[in-house]
Amino acid sequence: MTQPSAPSRKGAEVGRRIGVGLMYGLWKPRVLGAWKVPASGPLIFAINHSHNIDGPMVMGVAPRPTHFLIKKEAFIGPLDPFLTGIGQLKVDRDTTDRTAVTRALGVLHDGGVLGIFPEGTRGEGDFAALRAGLAYFAVRGGAPIVPVAVLGSTESRGRLIKALPPLRSRVDVVFGDPFDAGDGSGRRTRRALDEATERIQKQLAAHLENARRLTGR
């Protein structure tokens, strides 16, 4: 059985450069804490998710190219080859997508950055309910987690395109301190992952509270 191909690292860098042009061209990102992101090695960005631009925004302002786990429904028409070409990962959220899991772990094994929305879907963006996938990738992939808060993307609607924030409005992206999800034992049992998820939730909630305090949002 052949292993699924690894997502393109060069493609992810192309995606980052496209994101830089679009995000800074259309809005006014204010980035805080980017210096906290380790310059190399496996890493997971855990991002709150309240708007569709949250992923592209982080892709454009992060100091390292990022491979996001994105729901398969987004890979439609010309977006399919485009998202695949810029190193993004298609995932079926309705089942255990072993291909997506293998490719995501491959990103971490190769020392890349994996982007995850731990809430699983767009919502309040408050990290109140996390799925277990983030803990699994962090423990199995041996990767620290950097919490990322995107604030301001849902405060108001644009005049021209109501589904997007107003053009040239400010969106804050706050990177937190990297942390390890595991307890140091190396355990990968269901209980260990549940405990890791609890630790992650507390860390992400604390980061979001701090980000709101820093930005006044």
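No experiment lies behind these values; they were computed from the predicted model shown.
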Report yes if some heavy atom in the side chain of V107 is under 4.5 Å from a heavy atom in the side chain of P7; otherwise report no.
yes

For residues P118 and L204, report the shortest heavy-atom separation together with the two atoms involved.
CG-CD1, 3.9 Å

Would you mind writing out the side-chain donor-acceptor pairs for residues 59-66 within the sub-3.5 Å range, not counting sequence neighbours?
from	atom 1	to	atom 2	distance (Å)
R64	NH1	P38	O	3.0
R64	NH1	G41	O	3.1
R64	NH2	G41	O	2.8
R64	NH2	G111	O	3.0
T66	OG1	R64	O	3.2

Are side-chain heavy atoms of F175 and V31 found at a separation under 4.5 Å?
yes

Counting only heavy atoms from other residues, nucleotides and ligands, does the tally under 6.0 Å from CZ of R191 exceed 12?
no

Rounded to the nearest 0.5 angstrom, the CD-CG distance for E198 and L193 is 12.0 Å

Output for pair (I200 CD1, L134 CG), nearest 0.5 Å, gives 4.0 Å

Any idea which heavy atoms bring A181 and I145 closest together, and the distance?
CB-CD1, 4.0 Å

For the residue pair G176 and V146, what are the closest heavy atoms and their distance?
O-CG1, 3.5 Å

Tightest non-hydrogen contact, residues S8 and G11, listed as OG-N, 2.7 Å

After noting the C-alpha distance and the side-chain angles of L114 and F45, does the key distance pass the side chain to side chain contact (heavy atoms under 4.5 Å, CB included) rule?
CA-CA 6 Å; L114 186 64; F45 287 148; over 6 Å; no

I'd like to know if the side chain of D180 reaches the main chain of G182, judged simply by a donor and an acceptor atom lying under 3.5 Å from each other, with no hydrogens or angles considered.
no

As a quick check of understanding, evaluate side chain to side chain contact (heavy atoms under 4.5 Å, CB included) for R190 and D194, giving each step before the final call.
CA-CA 6 Å; R190 175 60 63 85; D194 288 344; 3.9 Å; yes

Treating Q88 as the side-chain partner and L83 as the backbone partner, does any N or O pair qualify as donor plus acceptor under 3.5 Å?
no

When you look at Y136 and T197, which way does the side chain to side chain contact (heavy atoms under 4.5 Å, CB included) test go after all the steps?
CA-CA 9 Å; Y136 174 83; T197 299; over 6 Å; no

How long is the gap from CE on M23 to CD1 on I18, to the nearest 0.5 Å?
10.5 Å

Is F82 linked to L26 within one hydrophobic cluster, defined over Ile, Leu, Val, Met, Phe, Trp and Tyr using a side-chain heavy-atom separation of less than 4.5 Å?
yes

So, W27 side chain and V171 main chain: donor-acceptor pair closer than 3.5 Å or not?
no

Are D97 and K90 close enough for a salt bridge, meaning some N to O gap below 4.0 Å?
no

What residue pairs, at least two apart or across chains, pass salt bridge (charged side-chain N to carboxylate O under 4.0 Å, His left out) with a residue in residues 17-28?
E13-R17

Mind checking the NE2-CG spacing from H67 to L89? Nearest 0.5 Å is all I need.
7.5 Å

Starting from V14, can I reach L79 by hopping between I/L/V/M/F/W/Y residues whose side chains sit under 4.5 Å apart?
yes

Side chains of I116 and F137: does their closest heavy-atom pair fall under 4.5 Å?
yes

Between OG1 of T84 and CG of D80, what distance do you get to the nearest 0.5 Å?
4.5 Å

With a 4.5 Å limit on heavy-atom distance, are the side chains of T215 and L32 in contact?
yes

side-chain hydrogen bond (donor to acceptor under 3.5 Å, both in side chains) filter on E209, not counting sequence neighbours, yields none

Just wondering, do F68 and F117 contact through their side chains at under 4.5 Å, heavy atoms?
yes

Membership question, hydrophobic clusters at under 4.5 Å side-chain separation (ILVMFWY): are V174 and I44 in the same one?
no

For residues V91 and I70, determine if any side-chain heavy atom of one lies less than 4.5 Å from a side-chain heavy atom of the other.
no

With the side chain counted from C-beta on, respond yes when P56 and L22 share a heavy-atom pair under 4.5 Å apart, and no when they do not.
no

According to side-chain hydrogen bond (donor to acceptor under 3.5 Å, both in side chains), who are the partners of R98, at least two apart in sequence or on a separate chain?
none

Just jot down the side-chain hydrogen bond (donor to acceptor under 3.5 Å, both in side chains) partners of R213, sequence neighbours excluded, or say none.
N210

Shortest non-hydrogen contact from L108 to A143?
CD2-CB, 4.0 Å

CZ (R170) and OG (S153) are apart, to the nearest 0.5 Å, by 12.5 Å

Assigning hydrophobic clusters by single linkage (Ile, Leu, Val, Met, Phe, Trp, Tyr; side-chain heavy-atom cutoff under 4.5 Å), is V150 placed with L214?
no

Please collect all side-chain hydrogen bond (donor to acceptor under 3.5 Å, both in side chains) contacts where either partner lies in residues 29-40, sequence neighbours excluded, each pair once.
R30-D172

Side chain to side chain, L208 and N48, heavy atoms closer than 4.5 Å:
yes

